[in-house]
Amino acid sequence: MTLKLWRHARIATMSGDQPWGWIERGALLAEGERIAWVGAERDIPRDAQPQQEIDLQGALVTPGLIDAHTHLVYGGDRAAEFEQRLQGASYEEIAQRGGGIASTVAATRAASDDVLFASAQRRARTLMAEGVTTIEIKSGYGLSEQHEARCLAVARRLGNELPLSVRTTSLAAHALPKEYAGRADDYIDAACRWLAAQHARGLVDAVDAFCDTIGFTSAQTRRIFDAARALGLPVKLHAEQLSNQHGAALAAEYGALSCDHLEHLDAQGIAAMRASGTVAMLLPGAYYFLRETKLPPITELRTAGVPIAIATDHNPGSSPALSLLLMLNMACTLFRLTPEEAFAGVTVHAACALGLNDRGRLAPGLRADLALWDVEHPRELAYRFGVNPCRQRIFGGPP
Ligand code: DI6
Ligand code: FE
């Protein structure tokens with residue numbers, strides 16, 4: 001296995017007791033796809049005999065970024081809906097009129113596998129250019145057995161064909177398709193059956209639902225979660241985005257990996273998430289794009305010690321963002337996170353939100369997924385916006 005050494009680096013390991021897990025003049029050794037050693041340059045193990053050695057001349061090294069909440073696979077776009085919203089229509093009104101998610105479902109069903117793959121691949125490459133090495137991709141724009149499976153298969157194919165880890169999430173309970181109008185409970189029965197088939201084909205890593213007034217009730221969400229539990233699949237939830245349905249407490253009861261959005265989260269929800277070790281996934285792109293005014297309860301989450309993650313929520317309706325760096329800036333400006341909290345949100349806590357303990361930090365034994373940056377300090381990654389200082393992305397060690 002190739003042993004490779006990067007030295008003369010500033011390193012934010014996001015691990016240990018120092019702020020940022022900081023190492024001022026650091027080095028990192030990777031063996032194959034794993035980190036063999038990381039520390040101060042003067043402490044490089046004497047017996048290490050790397051085949052390759054790179055002088056980074058002071059560049060910043062961080063863990064590869066993790067975008068742990070995206071809806072990357074879909075057809076069409078919703079730019080016309082954006083114009084309608086600018087003229088006063090609300091997101092909910094557009095959804096109730098049959099636009100919104102339903103219009104993306106129609107465009108997704110009409111698209112060929114190759115068109116879906118090509119558009120998702122372009123989006124994934126845009127994220128990767130900013131140092132992203134792991135993404136989560138949800139289904140939820142197919143809403144039939146065939147089309148949900150197809151979208152999950154496209155997501156799996158992305159993971160197989162790109163130098164990128166992809167975690168898939170089944171989100172059939174995203175919206176009610178028109179074939180099931182007035183029969184939401186029948187739809188949930190069907191979605192539970194599809195899940196077993198998707199799981200048997202190895203297409204699903206986790207299960208999500210949209211628990212809200214324009215989504216599904218908490219009783220319906222519970223049925224989806226029971227189906228997931230029966231298959232041994234972890235759950236997560238779009239919870240408390242547009243209203244408080246007490247979804248976070250419900251998800252916590254199932255040991256959810258994360259609860260996402262959370263603008264309307266209450267004290268009980270926070271206590272339940274804390275008790276279950278559930279990550280709070282904040283999505284500043286959707287908050288911004290829908291011009292929300294109710295902030296998620298950041299101070300209370302912080303005080304309770306609930307880990308906070310940040311993601312793009314990339315989707316055509318509420319967050320057409322393809323920059324995790326911009327989300328860092330928004331998490332600070334809109335949500336008042338510190339740059340270090342925001343950065344933990346796209347590294348160590350994002351890994352927790354995916355149930356992955358082999359990445360998100362730089363430490364021996366973990367994956368050598370790295371981002372190299374032309375900045376002096378990681379706080380600059382949250383400070384600037386509209387620029388991309390990523391010099392290089394390393395996925396699973398050398399080259
Ligand atoms: N909440 C969201 O913000 C996205 N899905 C969800 O449940 C929006 C999806 C869309 O508008 O297409
Ligand atoms: Fe989402």
Side-chain angles (χ1 to χ4, degrees), residues 67-82 84-85 89-109 119-120 123 135-143 151 155 167-177 191 206-218 220-221 224 235-243 245 247-248 251 256-265 279-292 294 296 309-322 324 327 330 350 353-354:
D67 192 351
H69 180 143
T70 85
H71 308 244
L72 213 70
V73 177
Y74 58 86
D77 67 68
R78 304 246 288 281
E81 174 183 315
F82 176 52
Q84 289 169 27
R85 284 201 294 110
S90 76
Y91 180 76
E92 287 97 326
E93 279 159 14
I94 292 170
Q96 275 148 10
R97 274 191 235 140
I101 295 177
S103 71
T104 300
V105 170
T108 303
R109 290 179 180 178
S119 62
R123 295 174 196 128
I135 63 175
E136 183 250 21
I137 300 179
K138 301 174 193 298
S139 67
Y141 291 117
L143 307 189
C151 292
R167 302 294 289 177
T168 58
T169 299
S170 178
L171 176 58
H174 192 198
L176 191 64
V207 178
D208 193 352
F210 184 27
C211 182
D212 220 308
T213 47
I214 60 167
F216 294 91
T217 64
S218 52
Q220 289 158 349
T221 301
I224 292 283
V235 302
K236 56 183 75 178
L237 189 65
H238 281 71
E240 274 70 285
Q241 179 185 6
L242 306 168
S243 62
Q245 306 289 322
L257 291 172
S258 68
C259 290
D260 305 42
H261 289 286
L262 300 176
E263 280 80 347
H264 295 263
L265 179 66
V279 174
M281 175 73 71
L282 305 184
L283 304 167
Y287 174 88
Y288 161 81
F289 197 63
L290 297 183
R291 305 186 72 224
E292 298 291 353
K294 188 161 171 46
I310 303 292
T312 60
D313 189 18
H314 175 83
N315 74 75
S318 70
S319 186
L322 280 172
L324 202 49
M327 299 305 112
M330 285 189 179
L354 295 179

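Both counts, for ligands and for their atoms, begin at 1 and track the order of listing.
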Closer than 4.0 Å to some heavy atom of [X] - which atoms of ligand 1 meet that?
{"X": "Tyr141", "result": "9 (C), 10 (C), 12 (O)"}
{"X": "Phe210", "result": "7 (O)"}
{"X": "Ile101", "result": "9 (C), 10 (C), 11 (O), 12 (O)"}
{"X": "Asn315", "result": "4 (C), 8 (C), 9 (C), 10 (C), 11 (O), 12 (O)"}
{"X": "Arg78", "result": "10 (C), 11 (O), 12 (O)"}
{"X": "His261", "result": "1 (N), 2 (C), 3 (O)"}
{"X": "His238", "result": "1 (N), 6 (C), 7 (O)"}

| task | Could you confirm whether Asp313 has any N/O/S atom lying under 2.8 Å from the Fe ion (ligand 2)? | result | yes

| said: Taking backbone and side chain together, does His261 place any N/O/S atom at a distance below 2.8 Å from the Fe ion (ligand 2)? | reply: no

| remark: Nearest heavy-atom approach of Pro284 to Ala311 is CD-O, 4.1 Å

| task | Evaluate the criterion side chain to side chain contact (heavy atoms under 4.5 Å, CB included) for residue pair Gln241 and Asp260; output intermediate values, then yes/no. | result | CA-CA 8 Å; Gln241 179 185 6; Asp260 305 42; over 6 Å; no

| Do Glu136 and Thr169 meet the criterion of a side-chain donor-acceptor pair at a distance under 3.5 Å? | yes

| Any side-chain donor-acceptor pair under 3.5 Å between His69 and His238? | yes

Does [X] reach the main-chain N or O of [Y] with its side chain, forming a donor-acceptor pair under 3.5 Å?
{"X": "Arg109", "Y": "Gly142", "result": "yes"}
{"X": "Asn315", "Y": "Asp313", "result": "yes"}
{"X": "Ser258", "Y": "Lys236", "result": "no"}
{"X": "Arg78", "Y": "Pro320", "result": "no"}

| query | Does Asp313 reach ligand 1, in the sense of a heavy atom lying below 4.0 Å from it? | reply | yes

| said: Check for me whether Tyr74 has a heavy atom closer than 4.0 Å to any atom of ligand 1. | reply: no

| request: Report yes if some N/O of Tyr91 lies less than 3.5 Å from some N/O of ligand 1; otherwise report no. | output: yes

Shortest protein contact, [atom] (heavy atom only):
{"atom": "atom 1 (N) of ligand 1", "value": "Gln241 OE1, 2.9 Å"}
{"atom": "atom 5 (N) of ligand 1", "value": "His174 NE2, 2.8 Å"}
{"atom": "atom 2 (C) of ligand 1", "value": "Ser318 OG, 3.4 Å"}

| Looking at the rings of His314 and Tyr74, which for Trp means the six-membered one, are their centres under 6.0 Å apart? | yes

| request: Assess whether side chain to side chain contact (heavy atoms under 4.5 Å, CB included) is satisfied between Leu322 and Leu72, documenting all intermediate values. | output: CA-CA 10 Å; Leu322 280 172; Leu72 213 70; 4.2 Å; yes

| request: For the atoms NE2 of His69 and NE2 of His71, give the angle they form at the Fe ion (ligand 2), rounded to 10 degrees. | output: 100°

